[in-house]
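First the structure, in the form of structure tokens, and then the observations on it.
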Amino acid sequence: MTRPRDNEGQILDKLSRAMDQKMGPGPEGKFFFAPSRINLIGEHIDYNGGKVFPCAITIGTYGLARPNDLGKLRLGSLNIRSFGEVSYPLPDYDNKRGWLNYPIGVFRYLEDLGYGRDKKDRGLDILIYGNIPNGAGLSSSSSIELLFAVIFDHFMADGQVDRMDMVRSGVWCENEFFGLHTGIMDQYVIGFGKKDYAMVLDTSIPSHTYVPFDLDGAKIVIMNTRKARALKDSKYNVRRSECEQALSILRKEKDIHHLCDLGQEDLSLLEKIEDPLLRKRAKYVVEENIRVMEAVQAMKDQDLTKLGMILRAGNRALREEYEVTGPELDAITGAANAHPACFGARMTGAGFGGCAIAIVKEEEVDDFMAEVGSAYKKETGRDGEFILSEAGDGARLL
């Protein structure tokens, strides 16, 4: 099924009315937006020094923010009807605070870099609302982090925060504040996204180049399994640990910093890894990095048949070699790849639930969504959700 989503005007009006109702009168606020993202290909290699091929999309997290004279952060989410306040100095991580840890972490990181030093105790009222499906693997957490980074930049630092420092504030939240060993891709593409373009992100540097997002008569369909997943409850950290173990073995054979420093010519080195599980993980990482550049060239050539084949191969490897899919993702990608209008489909994000993407002939998108939705429901008992989105700009003041 497809679910109608509030348009931007409706969302901004909703935030305005809620600000007055929940936080009382105050100065006029300003609106901000941070997108979600999809990754066309290059999964689980951003923490292995690989190249990835993501784009920001046009759904994400909206925020309305204004100063207050209380010297506190007063924070609210309209999605979960949650409100709270935080006093300065900003506290350490506390699991009981839930999503409030995101602004605390971002603000603390940027303050520690010296931004907004003369405004360190400035109070803000902030309401947020996201139209990203919950637990869908479209990086809602990174969207929230970059939203608070641009809010901090505007109110606390007079627009002086370096964009890369905004990205790093989100990565620091995940890695140091929350203890989740994620890579840099999600925050980076949300920070540097560009309308109508995907990006080739070299995570080992990091640096990026833009590639026109032109599918020439086809559409990207985001397929939400509605099997929610949380990274803290998944095997994400386990996979990262397995890659680190494989890397330590291979470093004895070749001077490398990351698994993705290996290429096609180095695949025979993987035989030095005696543990078949670790060997399988390393094989996936090296070959996925190769697939990324093949997919980029196919996109530039507008060769959708080849691009679809690469996506199918990547999805198969995620299922069989990296083992991060699961019954729901297997069901929805299987149904999608069986449809004649689909060039190729694969899971996107960390896996273990969440979303997949498919490249589909534009004139058959409606039929594709109906048939895949029916097949998915029959196999899993779940109603899937289908979302059409374009490549959009990164986090910003509206």
Side-chain angles (χ1 to χ4, degrees), residues 11-34 60-132 134 140-159 161 165-166 169-174 176-180 187 190 230 232 395-398:
I11 291 172
L12 301 188
D13 181 64
K14 182 184 297 186
L15 285 168
S16 293
R17 287 185 281 106
M19 179 72 83
D20 292 337
Q21 293 168 359
K22 301 296 184 182
M23 299 187 178
E28 184 176 356
K30 295 195 174 182
F31 293 103
F32 301 81
F33 176 74
T61 313
Y62 291 84
L64 173 59
R66 70 185 187 190
N68 67 47
D69 58 6
L70 303 174
K72 297 179 179 180
L73 298 181
R74 298 199 299 175
L75 305 159
S77 167
L78 301 188
N79 294 91
I80 56 176
R81 299 180 182 177
S82 169
F83 296 86
E85 61 180 44
V86 183
S87 299
Y88 288 92
L90 295 176
D92 292 330
Y93 175 85
D94 184 342
N95 189 54
K96 295 178 181 177
R97 290 196 184 91
W99 73 273
L100 299 182
N101 287 295
Y102 289 107
I104 293 170
V106 167
F107 278 39
R108 279 184 52 165
Y109 179 86
L110 294 174
E111 287 173 356
D112 287 346
L113 291 183
Y115 292 114
R117 188 164 290 164
D118 59 334
K119 300 175 182 178
K120 194 170 182 179
D121 297 334
R122 171 172 286 189
L124 291 176
D125 297 335
I126 306 172
L127 285 182
I128 68 172
Y129 176 80
N131 58 0
I132 309 169
N134 290 335
S140 57
S141 60
S142 297
S143 178
I144 292 170
E145 289 155 5
L146 268 294
L147 177 75
F148 280 105
V150 293
I151 290 173
F152 179 98
D153 180 43
H154 181 82
F155 286 103
M156 304 295 207
D158 300 319
V161 179
D165 286 336
M166 294 187 197
S169 74
V171 177
W172 183 86
C173 270
E174 303 283 350
E176 306 300 330
F177 211 46
F178 304 157
L180 184 62
Q187 292 87 354
I190 289 169
K232 275 189 173 292
R396 62 198 184 273
L397 169 70
L398 293 177

| request: Under the side chain to side chain contact (heavy atoms under 4.5 Å, CB included) rule, what do I104 and F177 come out as? Steps first, then yes or no, please. | output: CA-CA 10 Å; I104 293 170; F177 211 46; 3.8 Å; yes
| task | Enter the distance from D20:CG to L15:CG here, rounded to the nearest 0.5 Å. | result | 11.0 Å
| query | What closest approach, in Å, do F155 and P67 show between heavy atoms, and which atom pair accounts for it? | reply | CE2-CD, 3.8 Å
| field | Backbone of G60 reached by a side-chain donor or acceptor of S143 within 3.5 Å | value | no
| task | Would you check, one step at a time, whether the test side chain to side chain contact (heavy atoms under 4.5 Å, CB included) holds for I126 with L147? | result | CA-CA 11 Å; I126 306 172; L147 177 75; 5.8 Å; no
| task | Enter the distance from D153:CG to L397:CG here, rounded to the nearest 0.5 Å. | result | 9.5 Å
| Atom CG of L75 and atom NZ of K22: how far apart are they, to the nearest 0.5 Å? | 14.5 Å
| query | Between V86 and P91, which heavy-atom pair has the shortest distance, and what is it? | reply | CG1-CD, 3.4 Å
| query | Are the side chains of V150 and M166 in touch, meaning some heavy atoms are under 4.5 Å apart? | reply | yes
| request: Any salt bridge (Lys or Arg N to Asp or Glu O under 4.0 Å) involving residues 96-110? Give me the pairs, sequence neighbours left out, ordered by first then second residue. | output: D92-R108
| task | Could you tell me the separation between the CG atom of L127 and the NZ atom of K14, rounded to the nearest 0.5 Å? | result | 12.0 Å
| Going by atom types only, do W99 and S77 share a side-chain donor-acceptor pair under 3.5 Å? | no
| Selection residues 68-83 - residue pairs positive for salt bridge (Lys or Arg N to Asp or Glu O under 4.0 Å), sequence neighbours left out | K72-E85, R74-D125
| task | Under the side chain to side chain donor-acceptor pair (under 3.5 Å) rule, what do Y129 and N131 come out as? Steps first, then yes or no, please. | result | CA-CA 7 Å; Y129 176 80; N131 58 0; over 6 Å; no
| task | Please name all residues satisfying side chain to side chain contact (heavy atoms under 4.5 Å, CB included) with D121, sequence neighbours left out, ordered by chain then number. | result | Y88
| request: Write down the atom of S140, the atom of T61, and the distance for their closest heavy-atom approach. | output: O-OG1, 4.5 Å
| message | How long is the straight-line distance from CD of E145 back to CH2 of W172, given to the nearest 0.5 Å? | response | 11.0 Å
| In terms of the angle between their ring planes, are F148 and F107 parallel, tilted or perpendicular, with boundaries placed at 30° and 60°? | perpendicular
| said: Does any part of the side chain of I128, heavy atoms only, come nearer than 4.5 Å to the side chain of Y62, both counted from C-beta? | reply: no
| field | Any residue meeting salt bridge (charged side-chain N to carboxylate O under 4.0 Å, His left out) with D13, in chain and number order, not counting sequence neighbours | value | R17
| task | Quick one: list whatever passes side chain to side chain contact (heavy atoms under 4.5 Å, CB included) with D165, sequence neighbours left out. | result | L110, L113, Y115, V161, D162, R168
| Contact check, side chains of C173 and Y109, non-hydrogen atoms, under 4.5 Å | no
Solution key, residues 23-32 side-chain donor-acceptor pairs under 3.5 Å, sequence neighbours excluded:
residue	atom	partner	partner atom	Å
K30	NZ	H154	NE2	3.4

| query | Quick one: CG on L124 to CE on M156, what's the gap to the nearest 0.5 Å? | reply | 4.5 Å
| task | Check the pair S141, E174 against side chain to side chain donor-acceptor pair (under 3.5 Å), reporting the backbone distance first and the verdict last. | result | CA-CA 9 Å; S141 60; E174 303 283 350; 3.2 Å; yes
